[in-house]
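Below is one structure, written out as structure tokens; comments come after it.
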Amino acid sequence: MPEIETLPYALQRLPDDTAIARAESFSAKLKERRTCRFFSDAPVPRLVIEAAIAAAGSAPSGANHQPWHFAVIASPDKKRAIREAAEAEERRFYGADGADPKASGEWLDALGPLGTDADKPFLETAPWLIVVFAQRKGGIAEDGETQNYYVNESVGIACGMLLATLHEAGIATLTHTPSPMGFLREVCARPDWEKPVMIVVAGHPASEATVPAHALVKKPLTQIASWL
Ligand code: IYR
């Protein structure tokens, strides 16, 4: 291997039974996470959001270029702007504007059991919106010139770590993806080489919050894994 500066790989080795217990307990905890569509306006400390973004920022990435940016919105004006633009797109998506829906019938049928519609009040109610941007270019210097690699994969992993950390802190989340979502670049004042990927809505669930029963149906391990 080429000569590079290295540091010791520091990871405490656990006995197998401890490893199994820890994996099972972490898995059970993560399996409790539910997407929330009914948020209260109860505050969440900024330090929770900072820690979750720091965790996301430690994700593995192509060439370690860390091709992500997290625009954190607490301003009521920005939240309103995002809600208005997102709902305008969603009305077109669902056909709630009186025109033919942009979504196919098959897509709308697939969403049926989730009970979603064009109204997104949570974009104003929840205390935090974290708008995740993927940097198509930028390298570590974020110069907008250098190529980045495996951007979608890297940002996807980072988002997973963000959601997991927020869940560990007892914070409810929703990954919201209005389509198209180019308006987020303007609202968040991000450069044109960045692509908005999703809005992570974070807060406490409303006292009357429910989840669709359909969301609890998860494929069993036997269906999602093969052992060769
Ligand atoms: N963005 C729309 C539609 C939507 C699409 C998928 I795929 C979902 O899993 C959920 C919703 C909305 O937020 O309603």
Side-chain angles (χ1 to χ4, degrees), residues 30-41 56 68-74 76 78-134 151-153 155-164 166-167 171-188 190 194-206 208-220 223-224:
L30 279 184
K31 281 195 282 189
E32 284 172 5
R33 199 202 79 88
R34 305 263 88 83
T35 285
C36 180
R37 291 194 173 83
F38 307 93
F39 283 88
S40 92
D41 60 0
W68 41 64
H69 180 85
F70 303 89
V72 187
I73 316 275
K78 292 271 178 207
K79 284 197 234 170
R80 189 173 323 108
I82 289 176
R83 177 182 179 185
E84 280 171 9
E87 287 185 336
E89 295 298 356
E90 298 294 359
R91 281 193 290 274
R92 283 188 275 277
F93 178 88
Y94 286 98
D97 59 351
D100 283 345
K102 264 181 61 190
S104 65
E106 186 181 23
W107 193 347
L108 293 175
D109 286 349
L111 293 177
L114 293 177
T116 55
D117 63 20
D119 295 334
K120 307 295 175 191
F122 50 75
L123 291 173
E124 282 193 86
T125 321
W128 299 103
L129 306 180
I130 307 170
V131 187
V132 183
F133 290 88
V151 171
N152 293 339
E153 294 82 347
V155 175
I157 297 168
C159 287
M161 292 170 68
L162 179 71
L163 297 182
L166 290 169
H167 177 64
I171 303 304
T173 49
L174 164 68
T175 52
H176 178 53
T177 49
S179 164
M181 52 180 143
F183 68 87
L184 291 168
R185 202 184 287 117
E186 283 94 80
V187 177
C188 301
R190 299 307 303 167
E194 290 187 3
K195 182 177 72 130
V197 172
M198 67 176 77
I199 305 170
V200 176
V201 184
H204 293 290
E208 72 280 8
T210 57
V211 289
H214 175 72
L216 272 68
V217 182
K218 298 297 182 192
K219 295 181 190 175
Q223 196 178 342
I224 63 172

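Both ligands and their constituent atoms are indexed starting at 1 by order of listing.
Note on Glu124 versus Lys79: no salt bridge recorded, every NZ/NE/NH1/NH2 to OD/OE distance being 4.0 Å or above. Under the 4.0 Å criterion applied to side-chain N and carboxylate O atoms, Glu87 and Lys120 are not assigned as salt-bridge partners.
Arg190 places no side-chain N or O within 3.5 Å of a backbone atom of Val187 that could act as its donor or acceptor partner. Between the side chain of Lys102 and the backbone N or O of Gly95, no donor-acceptor pair lies under 3.5 Å. At least one donor-acceptor pair closer than 3.5 Å links the side chain of Arg185 to the backbone N or O of Glu194.
Using 4.0 Å as the threshold, Glu89 has no heavy atom nearer than that to any atom of ligand 1.
Here the shortest heavy-atom distance to atom 1 (N) of ligand 1, taken over Met198, Lys120, Glu90, belongs to Glu90.
Contact atoms of ligand 1 toward His176: 13 (O) (distance under 4.0 Å to a heavy atom of the residue). In summary, the atoms of ligand 1 found under 4.0 Å from a heavy atom of Phe93, numbered by their order in the structure, are 3 (C).
The shortest contact between atom 3 (C) of ligand 1 and any protein heavy atom is with Tyr94 OH, 3.4 Å. Among protein heavy atoms, atom 9 (O) of ligand 1 sits closest to Leu111 CD2, 3.9 Å.
Remark: Asp109 CG is packed, more than 12 non-hydrogen atoms of other residues, nucleotides or ligands lying under 6.0 Å away.
Residue Thr177 has at least one N or O atom closer than 3.5 Å to an N or O atom of ligand 1. Ligand 1 has no N or O atom lying under 3.5 Å from any N or O atom of Trp107, backbone or side chain.
When heavy-atom distances to ligand 1 are checked against a 4.0 Å cut-off, Asp117 comes that close only through its backbone atoms N, CA, C and O.
Thr173 and Arg33 form a side-chain donor-acceptor contact under 3.5 Å, judged by distance and modelled atom types alone.
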